[in-house]
Amino acid sequence: MADDPVSRLVPFGAGNAPPTPGPDRPVDLRSDTVTRPTPGMRAAIAGAEVGDDVYAEDPTVNALEAEVAALFGHEAALFAPTGSMANQIAIQLLVPPGEELLCDADAHVVTYETGAAAAIGGVSTRTWSPVGADLDPEVVAAMIRPDGYHTVPTRAVAVEQTHNRGGGGVIPLGTLRELRRVADDAGIGLHCDGARIWHAHIADGVPLTSYGELFDTLSVCLSKGLGAPVGSLVLGSTERITRARTIRKRMGGGMRQVGVLAVAGRYALRHHVQRLAEDHVRAARLADALVPFGVLANPVRTNIVPLDLSKCGFDAPGLATAARQRGVLVSVLGPRTARLVTHHDLDDADVDRAIEVLTAIFRS
Ligand SMILES: *Cc1c(COP(=O)(O)O)cnc(C)c1O
């Protein structure tokens with residue numbers, strides 16, 4: 001249907017429709033980035049008021065930036081095309097070239113951003129052993145290096161909320177407050193990769209402002225659980241976000257009538273935040289069904305079900321292939337690790353089908 005030339009000309013033609021539930025549509029559990037804009041979101045996109053955002057004249061982008069900054073109690077925010085760019089802008093804001101950022105060894109910023117901190121920011125990174133959401137501020141404190149002509153001075157720490165490779169775990173607010181004290185004592189910055197901070201907010205009931213006040217910079221994604229097609233924001237002080245505009249332009253992220261994308265984010269903030277609770281319930285249901293097979297890597301807190309297959313007879317590619325043949329798509333993270341992610345485009349029937357397929361595979 002996507003190849004039908006007519007549907008390409010019709011704004012809400014069949015090729016553009018979100019996938020309809022049915023036996024032929026795969027249950028796609030690979031990521032929460034696979035969602036497609038809903039009809040309501042598409043209508044908002046069609047009606048967006050726009051201007052040239054490089055001139056800061058796109059009213060929809062300006063409104064989104066003000067709205068998201070206010071949600072977290074920050075002075076300012078900047079729209080960026082991707083979460084990776086938002087993170088890398090923040091890292092460049094907090095850490096000068098040749099100096100150091102500390103983070104978890106499994107952090108997105110050092111795992112899935114193609115070495116950008118080093119290649120673009122000239123930033124040295126040092127990592128603590130991967131602990132997901134079980135962050136220990138004392139371990140971080142012990143790693144911080146002071147200024148000195150022969151050292152690599154630590155300038156900032158980055159944490160991830162929720163923790164992606166940490167199985168969607170949520171760092172407790174109390175731990176983050178301790179980490180803030182550690183950063184203050186050392187006089188260094190604190191960045192939050194909050195691609196899925198919405199999920200932490202819903203899972204722990206922590207107000208977004210309580211997260212916002214702990215960090216010098218945050219990045220947040222509109223294109224993960226919130227279901228917008230594109231977009232992230234970096235948040236900080238007015239002074240930092242002014243510098244961030246220059247860094248974004250330097251990285252090729254200055255966009256023009258991008259209100260057509262910002263409006264999708266504004267729509268998602270209104271309609272898709274509270275419903276994340278449904279994704280969490282569905283992930284918990286998937287996890288419960290898999291408990292008997294001993295394949296859960298850690299308890300499920302949000303929308304990610306991390307699988308550790310080392311104690312069962314499967315390797316991750318084998319599982320993914322067997323599941324795909326039965327219409328269920330899962331993500332391979334390593335030879336024996338895989339991931340299931342729930343999201344906006346799945347319903348209860350999809351989860352039932354995934355449970356049926358996966359339990360049949362694990363039983364075989
Ligand atoms: C997805 C994600 C990002 C941003 O990814 P992009 O694909 O660049 O938008 C950043 N951090 C985490 C933890 C993520 O899961």
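Indexing begins at 1, ligand by ligand and atom by atom, following the structure's order.
Of all the heavy atoms of K224, the ones lying under 4.0 Å from any atom of ligand 1 belong exclusively to the side chain. Contact annotation: for N87 versus ligand 1, heavy atoms closer than 4.0 Å belong to the side chain alone. Under 4.0 Å from ligand 1, not a single heavy atom of H163 appears. By the criterion of a heavy-atom distance under 4.0 Å, both the backbone and the side chain of S84 are placed next to ligand 1.
In this structure, R282 contributes its side chain and L346 its backbone to a donor-acceptor pair below 3.5 Å. No donor-acceptor pair closer than 3.5 Å links the side chain of D350 to the backbone N or O of V27.
For ligand 1, the atoms sitting less than 4.0 Å from at least one non-hydrogen atom of T82 are 8 (O), 9 (O), numbered in the order shown with element in parentheses.
The single protein non-hydrogen atom nearest to atom 9 (O) of ligand 1 is G83 N, 2.8 Å, given as residue, atom name and distance.
Linking ILVMFWY side-chain heavy atoms closer than 4.5 Å, directly or via other members, places V182 and L218 in a single hydrophobic cluster.
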Trace of the side chain to side chain donor-acceptor pair (under 3.5 Å) decision for E75 with S237: CA-CA 5 Å; E75 282 176 1; S237 65; 4.8 Å; no
Side chain to side chain contact (heavy atoms under 4.5 Å, CB included) evaluation trace for V159 with L176: CA-CA 9 Å; V159 298; L176 294 174; 4.1 Å; yes
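Protein heavy atoms all stay at least 4.0 Å away from atom 7 (O) of ligand 1.
Looking at R196 next to ligand 1, an N or O pair under 3.5 Å apart turns up.
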